[in-house]
Structure formats: C-alpha cells, structure tokens
**Q** 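Starting off with a structure, shown below.
Small disclaimer: the values here were computed from a predicted structure and weren't measured. Whatever order the structure lists them in is the order used to number ligands and atoms, beginning at 1.
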Amino acid sequence: MPDLDDLWAKLKEKFQSELTPVGYNTWIADATPIALENHRLVIEVPSPLHKDYWDNHLATKVVEGVYEIADVEITPVFRVEGSTDKPQPTITTEMPKTTQGEQPASVTPTFMRPTHLNSKYTFNTFVTGKGNQMAHAAALVVSEEPGTMYNPLFFYGGVGLGKTHLMHAIGHQMLIYRPEAKVKYVTSEAFANDFINSIQTRQQEQFRQEYRSVDLLLVDDIQFFADKEGTQEEFFHTFNALYDDKKQIVLTSDRLPNEIPKLQERLVSRFKWGLSVDITPPDLETRIAILRNKADAEQLKIPDDTLSYIAGQIDSNIRELEGALVRVQAFAAMKHSDITTSLAADALKNLKLNGKASGLSILTIQNAVAKYYDISLADLKGKKRVKSIVMPRQIAMYLSREMTDNSLPKIGKSFGGKDHTTVIHAHEKISQELENEEQLQSDIRELKNILKPK
Ligand SMILES: Nc1ncnc2c1ncn2[C@@H]1O[C@H](COP(=O)(O)OP(=O)(O)OP(=O)(O)O)[C@@H](O)[C@H]1O
C-alpha cells in the first residue's frame with residue numbers, strides 16, 4: 001500500500017486541477033485522510049452534506065485517482081467527522097475482496113460486531129406511493145408478526161428505490177415491539193466475507209452460532225451470491241435453521257431469485273416460499289413528498305414549486321433525487337442565496353453540463369442495451385464470454401460511466417458484482433474502438449438518443 005500522506009497530497013493536486021477553486025475549497029480542502037488499509041481508503045469529511053457529495057460525485061474520482069497515482073485498487077469510505085453512529089452496513093458493503101496471496105481482512109469479523117441499523121431508515125421517514133405500497137405493507141406485517149406470514153420476505157427492484165431503507169425499518173420496528181430481539185443486518189458480501197474469515201480463523205462454530213441464533217436476519221443485495229458456491233451452501237443451511245425455528249428472514253436483490261445467475265436452484269425455490277414484492281420507481285407526487293420530508297428534516301426552506309421542479313428532473317432513483325436536493329442546497333450555500341426554482345435549475349443544469357444525464361439509472365441503460373442487442377438482461381449482467389454478449393455488456397458499462405454519476409465500484413456491482421477495474425477496461429476499450437468503427441459509433445449514438453431525458 002502506498003504512503004497515505006504522499007497519496008493524499010497527489011490526490012489533492014489532481015482535484016485542484018480538475019475542480020473550480022470554489023468547488024475545491026468547498027469539498028476537498030477540509031477533508032482528511034484517516035486510514036489506508038485492506039484496500040479501504042477512509043476519508044473524514046466535515047458534514048453529512050459533504051459525505052453525500054463525496055459519495056455521489058467524488059468517489060469515482062478517488063478510485064481512479066488512486067489507481068492512476070499508485071496502481072492500487074481501493075474502495076473509498078467517507079465518514080463524517082466525530083460521528084459515533086458508524087454506518088456499519090455501508091462499511092461492510094464495501095469490504096474489499098481479498099486478492100490472491102494476500103491475507104484476508106484482519107479486521108474483526110462482522111459477525112462479532114453488533115448490527116447498527118441506520119437511524120434514519122424507519123417507517124416514519126418512509127414515504128409510500130404506488131411503486132412501494134405493497135412492499136411497505138408487507139414490511140409492516142413482517143415486523144409485527146415475524147416468522148409467520150411471509151417468510152422469507154423478498155424485495156426486488158432497481159437501484160436506490162428504498163429496499164435497504166425498508167429492511168432497516170423492519171429491524172427498528174421489531175426492536176420497538178421486542179427490545180430483546182436479536183436483529184442482524186448484513187449485505188450478501190459481508191456474509192460471504194464473514195464466512196471466509198470464519199474458515200480462515202477457525203471460528204466456523206461461532207459464525208454459525210451467531211447467524212443461526214438471530215430473530216430477524218436481513219440480507220441485502222443477494223444478487224452478489226452469484227458465483228459464490230461455498231457461501232451459497234452455508235447460507236442454505238443458515239436459511240434452513242432459521243426457517244425451521246420460525247425466525248424471520250428478509251432478503252433484497254435487484255432482480256427476482258430465478259434471474260440471479262448461478263444461484264443454486266434449491267435457494268431459488270426457498271426464496272419463493274414466502275412473498276416476493278417488487279419496488280418500482282415513484283410517481284411525481286411521491287417524489288415531491290419524499291423531497292418535502294427530507295427538506296423538513298433538514299430544516300431547509302424550499303418553496304413547493306421548487307420541490308416540484310426538482311422532482312420533475314429525476315424520476316427513477318430516490319438516491320439521485322436526494323442527491324439533487326443536496327446539490328441545490330450546496331449551490332445555494334455557495335451563492336449565499338435562498339433556494340428558488342431558478343437557482344435549482346441552475347444547480348441542476350450544471351449537473352447536465354457535466355455530461356451526466358441526471359436521473360438515468362444503470363438499470364435503465366442495461367435494459368435499453370439488452371433490448372437493442374436482443375439479449376437477456378441476465379446475460380448482459382452475467383459472465384458469458386461470447387462476443388455477442390461481451391460487446392453489449394461493455395457498451396452498457398461504457399454508457400453507465402458516461403451518462404450517470406455512479407462510481408466505478410457501483411457500476412461494477414450492478415453488473416453482477418464485477419470489479420471496478422472491469423468497468424475501467426470496458427470504458428477504455430469502447431472509447432478506443434469508437435475512434436474508428438462506424439457501426440459502433442452509430443449504435444452508441446442511437447442508444448444515447450434512446451436514453452436521453454425526454
Ligand atoms: N419511499 C421512500 N421514502 C423516503 N426515502 C426513501 C424512500 N425510498 C428510498 N428512500 C431513500 O433513498 C435512498 C436510497 O434508498 P435505499 O438505499 O434503501 O435503496 P436500495 O433500493 O436499497 O438501493 P440499492 O439497490 O442501491 O441498494 C435512501 O437514502 C433512502 O432513505
């Protein structure tokens with residue numbers, strides 16, 4: 001691993017050359033690098049607003065910058081200064097995969113640590129609308145009568161639509177009814193890491209004891225179980241033990257169990273035993289209500305028509321919707337001005353000038369590319385190496401990079417859990433081929449046209 005101070009100095013130089021002086025002073029100047037270990041670069045920032053901005057706009061640049069400067073792959077983790085409420089799920093989600101020959105992460109295995117549910121993700125802060133009503137209702141039932149009606153409860157749907165939020169809400173609610181209940185939230189990757197760590201540290205018994213003694217097990221993003229044979233095997237037994245004991249299991253994924261490549265048939269069939277509910281993008285009214293809630297929670301003064309305007313700009317991802325509000329808020333702070341519709345238009349117009357079509361989700365791109373090349377979404381996100389699939393996959397990665405603000409790791413994850421270096425490679429390859437290949441140029445033009453905000 002490179003020297004942290006040296007790396008940080010070079011990263012700052014890079015940011016200084018790429019950002020405006022105002023942007024640099026607002027976002028970079030007060031950030032502090034805390035640690036670089038196990039391929040995680042921890043950066044402390046002054047406020048939640050800064051954290052949002054780093055998560056949504058600067059994470060990719062950090063990954064690329066470190067890769068350029070030190071030839072090392074890292075996952076950035078942003079932490080608010082002085083925060084004690086460490087969002088453990090986020091950290092475990094980003095746990096690096098151990099690379100060949102390297103010792104496994106020497107951090108305390110997650111299963112030895114208590115779960116911290118995000119205090120903001122409750123039923124109270126969850127706005128319901130047509131796209132999530134059913135999921136919300138099922139979540140409430142499960143938190144009141146765990147292990148009986150819908151076991152497992154399976155949420156699926158696009159990125160940033162509230163699946164994790166609902167899971168945490170179930171956990172909070174259950175603890176209100178039964179404060180002594182044992183609630184465990186993990187991402188599927190954290191479960192896999194724990195399992196591998198437990199083998200390497202000969203703590204398998206403790207691992208099993210921990211996972212099989214919970215009252216509520218919440219496993220997020222189980223699409224990342226694809227290809228992890230051993231982990232699937234272990235999860236199968238964990239599932240059976242909990243199910244037989246009438247303990248509640250809640251799972252999320254970006255797609256239905258039978259669409260997850262290489263998920264064992266016996267897991268697919270078990271996941272269907274309970275209830276599967278999809279969450280679809282919110283309609284305009286719901287988006288406005290979500291923004292209103294968030295603005296009120298942060299005591300922001302925003303006129304209704306401005307909220308409607310922002311909600312009209314972004315229609316497919318609530319995380320991006322929240323990001324837009326943060327952007328408008330930061331823009332107003334920088335300009336020392338009240339938030340108005342024209343200011344919001346300015347703030348969001350700049351976003352588009354960056355070449356990113358705000359609101360466009362990776363899933364939308366994947367669907368469009370799959371349809372355009374007449375292949376299945378599962379193949380597009382999968383691992384098949386035939387040219388007729390590899391090329392569209394690389395094009396979809398290229399477009400996700402060009403047309404959205406998602407970080408490289410996030411894009412990689414959305415393609416069946418691929419590493420961010422695969423995304424970098426795909427982007428480079430398509431960029432190069434675009435220089436000479438007319439057919440590719442016309443395909444990309446056509447796809448961009450299809451994806452352009454209407
Ligand atoms: N209905 C809602 N009401 C209020 N906030 C919401 C709602 N849905 C989502 N959010 C907010 O949007 C953000 C993204 O939601 P969340 O992380 O739960 O999405 P997700 O579906 O789990 O996404 P991913 O697939 O990326 O894991 C969170 O900050 C969450 O609080």
**Q** Looking at Phe191 versus Phe195, is the centre-to-centre ring distance below 6.0 Å?
**A** no

**Q** Exactly which residues line ligand 1, taking a heavy atom under 4.0 Å from it as the test?
**A** Tyr121, Thr125, Phe126, Val127, Asn132, Gly158, Val159, Gly160, Leu161, Gly162, Lys163, Thr164, His165, Asp221, Ile290, Ile318, Arg319, Glu322, Lys410

**Q** Distance-only, no hydrogens or angles: does the Gln232 side chain make a donor-acceptor pair with backbone N or O of Phe225 under 3.5 Å?
**A** yes

**Q** Tell me whether the guanidinium CZ or amine NZ of Arg270 lies under 6.0 angstrom from the six-membered ring centre of Tyr243 and within 45° of its axis.
**A** no

**Q** Could you go through Ser213 and Lys182, starting from their C-alpha distance and side-chain angles, then the distance that decides it, and tell me whether this counts as side chain to side chain donor-acceptor pair (under 3.5 Å)?
**A** CA-CA 8 Å; Ser213 63; Lys182 188 165 169 190; 3.0 Å; yes

**Q** Between Phe271 and Phe235, what is the ring plane arrangement, given parallel below 30°, perpendicular above 60°, and tilted in between?
**A** perpendicular

**Q** Is the distance from the ring center of Trp27 to that of Phe15 below 6.0 Å?
**A** no

